[in-house]
*Asks:* 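One structure follows; several queries about it will come next.
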Amino acid sequence: MSGGRCSIVWFRRDLRVEDNPALAAGVRAGAIVAVFIWAPEEEGVYYPGRVSRWWLKQSLAHLDASLRTLGTSLVTKRSSDSISSLLEVVKSTGANQLLFNHLYDPISLVRDHRAKEVLTAQGVDVRSFNADLLYEPWEVRDGEGRPFTTFTSFWDRCLSMLYDPEAPLLPPKRIISADVSRCPSDNLVFEDESEKGSNALLARAWSPGWSNADKALTAFINGPLIEYSMNRRKADSATTSFLSPHLHFGEVSVRKVFHLVRMKQVLWANEGNKSGEESVNLFLKSIGLREYSRYMSFNHPYSHERPLLGHLKYFPWVVDESYFKVWRQGRTGYPLVDAGMRELWATGWLHDRIRVVVSSFFVKVLLLPWRWGMKYFWDTLLDADLESDALGWQYISGTLPDGRELDRIDNPQFEGYKFDPNGEYVRRWLPELARLPTEWIHHPWNAPESVLQAAGIELGSNYPLPIVEIDAAKARLQEALSQMWQHEAASRSAIENGMEEGLGDTSESAPLGLPEDTQMEMDHEPVRNNPVNTVIRRYEDQMVPSMTSSLVRFDDEETSIDRRNLADDSRAEVPINVNVNVTEEPREPHGHHVMQTVRTINTFPQFNFAMGQRDTEDSTAESSSSRRERDGGVVPVWSPSSSNFSDQFTGEDNGIGTSSSYLQRHPQSHQLVNWRRLSQTG
DNA sequence: GCATTGTTCGG
DNA sequence: CGAACAATG
């Protein structure tokens with residue numbers, strides 16, 4: 001069934017030939033132009049870090065080699081605008097079809113939607129596929145057609161869907177190459193000279209590329225998987241799957257992972273191997289978290305820069321560059337934290353447990369704004385992944401409905417006992433502590449002077465004293481929380497009294513070039529209970545996940561706004577705005593940031609409030625809140641639609657499973673950061 | 001042995 | 001907070 005079709009297969013983060021639906025569709029239809037476009041400027045501040053680029057380079061080479069054995073090769077383009085590059089490829093090859101697999105980060109959502117529009121307008125047939133998830137975000141909904149708001153409910157549903165995730169596709173046997181003689185490849189540069197030395201080391205530990213990913217998967221399933229539940233508490237052990245960078249670049253399909261792992265589970269269940277079965281459940285949960293991160297990103301496109309629960313915008317972050325630096329360098333005086341940070345710097349890798357330790361320390365002990373930490377992870381992690389990392393940091397920061405509570409400080413000393421009982425991990429990464437006996441390895445500040453001397457340690461000199469005592473940290477955190485609640489309450493009452501601005505928030509400024517964290521309004525009613533419009537289509541349909549595809553749903557409910565305007569805004573302009581505005585800005589002392597206000601805000605002020613609470617006069621809410629947003633000064637918004645998707649967290653009677661009963665039960669308090677309480681404050 | 005209280009931990 | 005688990009009597 002070949003014929004006249006010539007398809008561009010646009011590779012992005014699906015760098016594999018196996019179980020690649022876009023590629024498979026192209027092969028089925030006829031000739032293929034395989035394209036990769038390197039347009040990092042489109043990513044704005046999320047320009048990939050050094051190790052991430054190193055991985056990408058290897059992975060592309062690997063993919064190209066595979067494609068060559070199948071009969072074609074990878075065309076590479078350097079671009080500042082993916083869509084114009086696609087148009088060029090269309091022109092130079094005569095392709096009449098564009099095929100790609102879905103992505104769910106906010107920038108891709110907008111760009112891909114536009115790609116589809118633009119190319120379709122040029123007469124190109126555009127098709128897109130799910131290659132990254134077990135189920136598309138819009139397939140997983142509660143009984144009333146709304147997205148789930150807690151991981152557990154989400155994952156339960158995924159595991160009990162009436163249909164299984166698609167079975168993985170085999171790699172094509174042969175590919176018919178289109179004529180690309182007039183479509184030259186650009187040489188892509190992923191590292192500069194200064195980076196080469198550091199990168200050379202990476203190759204010793206990692207082998208990017210889809211067939212290596214496949215080997216890693218097999219090795220994991222036949223090895224560490226069965227012990228996964230026993231070993232997961234150790235900082236050090238090589239018991240994790242090490243699949244995350246492979247998964248990030250789509251070198252291996254989660255569907256394949258899922259199916260293979262499930263088969264093992266069935267096997268072990270039949271053998272009565274309880275712990276093996278449990279191991280699979282735990283491992284699948286981590287796969288589920290990855291799914292959930294995409295789900296959240298799709299439903300809440302702001303989630304990588306705004307807390308999902310709005311109270312955090314009143315949190316008095318300590319905007320202290322020197323703390324930040326100490327953390328990065330692994331000189332906090334807490335051995336487990338420092339070991340983790342040194343490992344991260346040296347290898348681009350951290351065990352999940354240690355990620356939680358260091359990020360939790362960052363947020364709760366140092367009180368630094370979580371997005372700084374997230375950005376640092378982005379820059380340094382080999383498996384840096386915007387959606388997963390945003391979810392992780394939000395979890396740590398207590399801004400997810402089912403995340404950790406913010407007022408609980410984990411003591412790195414005790415975590416050390418748990419995750420690194422023999423101190424091996426600390427000794428490996430902190431040579432200056434290598435001679436300290438295990439008894440003191442996680443709290444050298446308590447060690448007798450003689451012990452320290454024998455170990456060659458002089459605290460405050462060759463290893464620091466704790467930068468903040470844990471008791472002091474607890475007090476500081478409590479103080480910060482009570483300030484946060486006061487601000488929150490004052491601001492709310494100011495708004496209710498009709499003051500235009502509420503109170504200026506104390507929120508994170510926009511350091512490190514990151515956008516200011518502003519509204520995630522607490523007081524908007526979620527009104528998305530319209531299952532009818534939930535997009536349900538067949539698997540190979542034309543649906544591109546995009547802001548606008550989600551917009552469909554509230555369009556119907558929302559009569560007071562100019563829809564065309566809204567949609568236009570969210571599509572074309574947004575990504576450009578992001579790139580333009582989110583650049584490094586000098587930070588000012590008190591977090592007052594001057595940054596260009598993004599156009600979309602002004603063109604679309606009324607959006608939030610049209611959905612807004614029923615018991616508040618619309619106009620009031622409208623003006624105050626939109627004003628605040630502007631006054632905040634720094635609000636890169638790439639789609640007005642996005643805020644819409646977060647208000648479900650804020651409502652009281654949106655019937656999210658058990659949550660409403662929780663709501664009834666817990667009275668408001670200024671002590672606890674807890675979404676249930678928060679929701680009651682409305 | 002089992003009910004009771006304390007502790008840990010949770011996506 | 002509440003569930004699960006541990007220590008305790």
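Every value quoted in this text rests on a predicted model; they were computed, and no experiment measured them. All values below come from the heavy atoms of this structure, side chains included, with hydrogens, waters and symmetry mates left out. Proteins come first, then strands; the chains are lettered A, B, ... in the order of their sequence lines, and each starts at number 1.
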*Asks:* Find the distance A:E387:CD to B:dG11:P and express it as a whole number of Å.
*Replies:*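 It works out to 21 Å between those atoms.
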*Asks:* Whole Å only: how far is the OH atom of A:Y295 from the C1' atom of B:dG11?
*Replies:* 15 Å
*Asks:* How close or far is atom P of B:dT7 from atom CZ of A:F414, stated in whole angstroms?
*Replies:* 13 Å
*Asks:* Just the rounded figure in Å: distance from P of B:dC9 to CG of A:D410.
*Replies:*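 It works out to 9 Å between those atoms.
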*Asks:* Give a yes/no on whether any side-chain N or O of A:K418 is located under 4.0 angstrom from OP1 or OP2 of B:dT8.
*Replies:* no
*Asks:* In whole angstroms, how far is the P atom of B:dC9 from the NZ atom of A:K285?
*Replies:* 13 Å
*Asks:* Output the rounded distance in Å from CG (A:D407) to P (B:dC9).
*Replies:*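 Going from CG in A:D407 over to P in B:dC9 covers 16 Å.
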*Asks:* Salt bridge check: are A:R427 and A:E424 linked by an N-O gap of less than 4.0 Å?
*Replies:* no
*Asks:* Measure from the ring centre of A:Y292 to the centre of the six-membered ring in the base of B:dG11, then say whether that distance is under 5.5 Å and the planes meet at under 30°.
*Replies:* no
*Asks:* Round to a whole Å and report the spacing from CH2 of A:W155 to P of B:dG10.
*Replies:*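 Value for this atom pair: 18 Å.
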*Asks:* Do A:S279 and A:I226 have side chains that get closer than 4.5 Å, going by heavy atoms?
*Replies:*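 A side-chain contact under 4.5 Å is absent here.
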*Asks:* Could you check whether any side-chain heavy atom of A:W349 comes within less than 4.5 Å of a side-chain heavy atom of A:P245, counting everything from C-beta outward?
*Replies:* yes
*Asks:* Nearest-Å distance, CE (A:M296) to P (B:dG11)?
*Replies:*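 My rounded result for the distance is 15 Å.
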*Asks:* Find out whether A:W372 and A:W317 are in side-chain contact, i.e. whether some heavy atom of one side chain is under 4.5 Å from a heavy atom of the other.
*Replies:* no
